[in-house]
Amino acid sequence: MAEVVPLETAVATLVHDGDSVALEGFTHLIPFAAGHEIIRQGRRDLVLVRMTPDLIYDQLIGMGCASKLVFSWGGNPGVGSLHRFRDAVEHGWPAPLELEEHSHAGMANRYVAGASGLPFAVLRGYRGTDLQGQTANIKPITCPFTGEELTAVPAINPDVGIVHAQRADRAGNVQLWGITGIQKEVVLAARRSLVTVEEIVEELDPRPGAIVIPSWAVTYVAAAPGGSRPSYSLGYTIRDNDFYVAWDEIARDRETFRVWIDEHVLRAGRGESVTA
Amino acid sequence: MAEVVPLETAVATLVHDGDSVALEGFTHLIPFAAGHEIIRQGRRDLVLVRMTPDLIYDQLIGMGCASKLVFSWGGNPGVGSLHRFRDAVEHGWPAPLELEEHSHAGMANRYVAGASGLPFAVLRGYRGTDLQGQTANIKPITCPFTGEELTAVPAINPDVGIVHAQRADRAGNVQLWGITGIQKEVVLAARRSLVTVEEIVEELDPRPGAIVIPSWAVTYVAAAPGGSRPSYSLGYTIRDNDFYVAWDEIARDRETFRVWIDEHVLRAGRGESVTA
Amino acid sequence: MSHTSDEMMTIAAARQLRAGQVCFVGIGLPSTAANLARNTHAPGLVLIYESGTIGAKPDHLPLSIGDGILAETADAVVSVPEIFNYWLQPGRIDVGFLGAAQLDRFGNINTTVIGGDYASPKVRLPGAGGAPEIAASCREVIVVVRHSRRTFVDKADFITSVGYGSGPGDRERLGLTGAGPATVITDLGILAPDPESRELRLTHLHPGVTLDQAREATGWDLAAAPGLAETAPPSEHELAALRALTTATPATPSRGNQGGG
Amino acid sequence: MSHTSDEMMTIAAARQLRAGQVCFVGIGLPSTAANLARNTHAPGLVLIYESGTIGAKPDHLPLSIGDGILAETADAVVSVPEIFNYWLQPGRIDVGFLGAAQLDRFGNINTTVIGGDYASPKVRLPGAGGAPEIAASCREVIVVVRHSRRTFVDKADFITSVGYGSGPGDRERLGLTGAGPATVITDLGILAPDPESRELRLTHLHPGVTLDQAREATGWDLAAAPGLAETAPPSEHELAALRALTTATPATPSRGNQGGG
């Protein structure tokens, strides 16, 4: 059964230096508050896993929390580059960043295999691309019935999976709706999991389009109202598009980035997230 | 885009002698009306595919519509045996019935592969069982990353997939809720598809737990109110448990079976289903 | 209160379950036992039915694994591929309940064919359903089955679901992640595998049953475990709770293994 | 009305779409073009975004592929694995729209790295996102990209998404089920592959653009297709509809390929 604890406690208990950590949320429900808590707790050498390492991973990478990134699209959506990510890859600042790069379909299937207790997944993907040559984690596989050659990718089972959802009940059952992305797979694939939520309610009344992750499949639930900002939580907060544009300027320069993190993350009260 | 047509037209257009046909509905929304229409149209040599060939397949098999059955559990749920199925297997009456037998997990993954455009699926299954020796459609496969040996099963892509749902709109978008089973996968895996529905409505208002299959992924939609009886359609009809018990007596004897089919299926008005 | 042997069997099965466990349930005796446990000593027991209902809380016994009451009371309803792939296969389920038409000395289960050969059997049974993967992947399996020589056979005619295969080390060799059939509950007593040989032997006799009766109903030379005990008789509370459950629901036969339609 | 070259490009892209088609859309110019088509000549166009929204009907341009308006107006919202596995991979999608940082003479797309080598590139781009499988599996692909020598290169530094590989037969050899990049729409004109050699050549020039201008902006010896035509200029109706769409929404840069966050 999931235990409902403060965010600071959950992150301190779950996330250790050197862990592989997946903070997911595909375009919606991105767990910024949890990411900021990881920065505050000064974690190092994390293997960060995420299909779309956007602003939250730009921040973690820029603060030197990561030694490796496993991903499929690293940009500021609708705006352009992630400057901290590029600075790490192009100039090794503040630390070199090893990359393992996939396509969305490959990453999604890796999480599916992880959630399914299988060591690998099969897809029609990557064939003819130069992605194949850059990692040992893309291999051909032959159909034992037709002889057709397809592509295999290994399961992802991160040490810690972190997602944000709209609500949980006091027993720790989690409910999310709207674009639910890859969240369920990440929680089920992870060895330990944290779900931050907009609110904890007495009862999860059924909602169209909602999925529920039962409490017994989650390690910790933590309340983090507004915890997906500047991303959004459908029904609770709206996407702060201006911040995504502003981030381009903030992150372009190492110094303005550090100043911003200092003011909005490090000096922000623990358990509270101030992103814009 | 799905065309909304009478049931008789849909079955006549879609289902031909010798086709592989999957009528699915896992414990709920079983497409009895469509099955009865196939009996009335006198189809022969069908390869019937279904995880749980219950009463509807007992009827199709007893009427000699099938030459082969691909399945994972053939019983009268909560009651006992399917006597027509057993008579076909044990005594070849009214015609011999070739069997291809799987587990539920195997069948479910075969549909998933079919819906995904993959030639096969991988699972932890069948190992150590005698099921492996009975069909060429269960083979070992080795993980290219860990070397672990798992099991592969080939995709199912039936010529025709038939399911029952609660509602469709006039454009042919289909909505179902409650236990949604394997229905989406069957429609997507099939070369041609038919969805029978309790009613056709102006608009599909969102419902908790509902899934929608978009019109452009379906061939035909046909109205068949009560079309899942004696199974049920959550929110529309309730399961006729007495009929499942009564079927044990009806189907035990070849003659009472034929009399029942004659009265309740063959002589029933076309487009109408009388099962109890 | 006096009780029937089926009531003893169901209550003995219910006692195996603990609050907080997650239990994969089929229709018939397993469903009755699991719901009895949830209504008595294990209120937090999580019931999963292979129709895709997770955390179902039926107030009467479901009549099929797809009964509407399961979907309506579940924490979550997922697709059939998801229930097998995301929930059963990775070993998230603590206890799987299975029935059997034949159960052999190593806990292997047959629900496929009896007599003749596979292509022309004497008796064609319903088949595998979810059982092979339940037997493979649940952390442990409980088999609930009536005791008779027809059922308790030296060697199953067909292995639908693997128990301990042909003995020690077989599950590991096959890569089966769960521990296998830890407990077999019958109307005569309770069996468990010998830790060394993996052969099923008797650990409990239900009140009023003799070792000879159990041996008579078993198709192999049934051994008694050291410290063979008598099952505690049903308490009044257990019997009342069981009867409240079953009178609220028409009786269903118990031969069905996992499966349904 | 006068128009900008970006407006011509967007309108030319929108014209490629027909009512009843199913279109896999990324943010930026592809999304603008697809929504313009839906608002003008192709009202039944089905829009799919890789965030899992099927049949989205936004009344303004979404600001990310996960914009709430997409989920709220969709016929169905499915998980990310489902959108790739059940909807894209089997070839159900008629048209995939892609952008590119580099596009080579055989329609191969680079959105990964430019210059240096993969481990220490001169420019690190966002990467693949959904593009490799969109390029592989959609029945056809339309690339929308501004014309420049920096983008239109003889050979891509990195093949993120396969067009025609190194020429005829490569897609078939690789088992790519879709037909590949049938059309490339730029701010100068329209390109399509030579049916024999698979090399991209110019089929249309937008009004006021010369063949020399297009050749000057292309990093290979750009051929003109027989019957090189002039693109019909934007109609007043098209321009008005496009401006209604874009003024309702803050401008978004167009460099992004499929992807988002």
Side-chain angles (χ1 to χ4, degrees), chain B residues 25-28 30 51-56 71-82 85-86 89-90 99 101-106 108-109 111-112 123-131 133-134 148-150 177-182 184-185 209 211 231-232 234 238-239 241 244-245, chain C residues 27-28 50-53 63-68 70-72 77-81 83-85 88-89 108 110 112 118-133 136-137 156 158-162 165 170-171 173-177 250 252-253 255-261:
Chain B
F26 197 86
T27 74
H28 172 214
I30 300 175
M51 295 180 68
T52 56
D54 59 354
L55 275 52
I56 183 61
F71 77 111
S72 43
W73 193 84
N76 182 341
V79 179
S81 288
L82 294 175
F85 161 66
R86 285 185 58 175
V89 175
E90 295 170 11
L99 296 186
E101 190 162 1
H102 287 269
S103 67
H104 279 353
N109 277 293
Y111 282 126
V112 168
L123 73 158
R124 296 184 183 281
Y126 296 104
R127 290 176 59 86
T129 73
D130 288 335
L131 291 163
Q134 309 303 331
E148 191 182 358
E149 197 175 277
L150 299 122
W177 63 88
I179 291 168
T180 55
I182 192 78
K184 184 191 275 187
E185 286 76 13
I211 61 171
S231 157
Y232 74 110
L234 190 66
I238 59 167
R239 191 173 190 266
N241 292 302
Y244 279 80
V245 175
Chain C
I27 286 302
E50 67 191 6
S51 54
T53 56
L63 288 160
S64 83
I65 56 164
D67 199 302
L70 300 177
E72 286 161 5
V77 181
V78 302
S79 73
V80 165
I83 204 76
F84 285 105
N85 290 349
L88 177 62
Q89 183 167 266
N108 302 300
N110 176 14
T112 303
Y118 175 78
S120 4
K122 198 155 139 260
V123 181
R124 173 66 231 192
L125 299 163
E133 286 77 23
S137 295
F158 188 99
I159 297 183
T160 313
S161 305
V162 180
D170 261 21
R171 287 189 71 85
R173 264 194 295 282
L174 293 166
L176 308 180
T177 53
T252 53
R255 75 175 300 177
N257 67 317
Q258 302 289 335

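First the proteins, then the strands, lettered A, B, ... as listed; each starts at 1. Computed from a predicted structure; not experimentally measured.
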Over all heavy atoms of both residues, which pair between [X] and [Y] is shortest? Give the atoms and the distance, please.
X	Y	answer
B/Gly178	C/Val77	O-CG1, 3.5 Å
C/Pro81	B/Gly181	CD-O, 3.8 Å
B/Ile179	C/Asp67	CD1-O, 4.2 Å
B/Ser103	C/Ala128	CA-CB, 4.1 Å
C/Asn85	B/Asn109	ND2-OD1, 2.8 Å

Could you state the interatomic distance from [atom1] ([X]) to [atom2] ([Y]), rounded to the nearest 0.5 Å?
X	Y	atom1	atom2	answer
B/Glu101	C/Arg124	CD	CZ	4.0 Å
B/Trp73	C/Thr112	CH2	OG1	12.5 Å
B/Asp130	C/Ile159	CG	CD1	5.0 Å

Between [X] and chain B, which part of the residue has a heavy atom less than 4.5 Å away: side chain, backbone, both or neither?
X	answer
C/Asn108	neither
C/Leu174	both
C/Arg173	backbone
C/Glu133	side chain
C/Phe158	both
C/Ser51	both

Can you check whether C/Gly68's main-chain N or O pairs, donor with acceptor, with B/Tyr232's side chain at less than 3.5 Å?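 Indeed, once roles are kept as given, a pair shorter than 3.5 Å links the two residues.
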- Please answer whether the main-chain N or O of B/Leu123 pairs with a side-chain N or O of C/Gln89 as donor and acceptor at a distance below 3.5 Å.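 Pair absent, no side-chain N/O of C/Gln89 close to backbone of B/Leu123.
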Check whether any side-chain heavy atom of B/Thr129 lies under 4.5 Å from a side-chain heavy atom of C/Thr160, and answer yes or no.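 B/Thr129 does not reach C/Thr160 side chain to side chain.
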Which portion of [X] sits near chain C, non-hydrogen atoms under 4.5 angstrom:
X	answer
B/Phe85	side chain
B/Glu185	side chain
B/Leu234	side chain

Exercise. Which one of B/Leu82, B/Ile211, B/Asn241 has the most heavy-atom pairs closer than 4.5 Å to chain C?
Worked result: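 Result: the option with the highest number of such pairs is B/Asn241.
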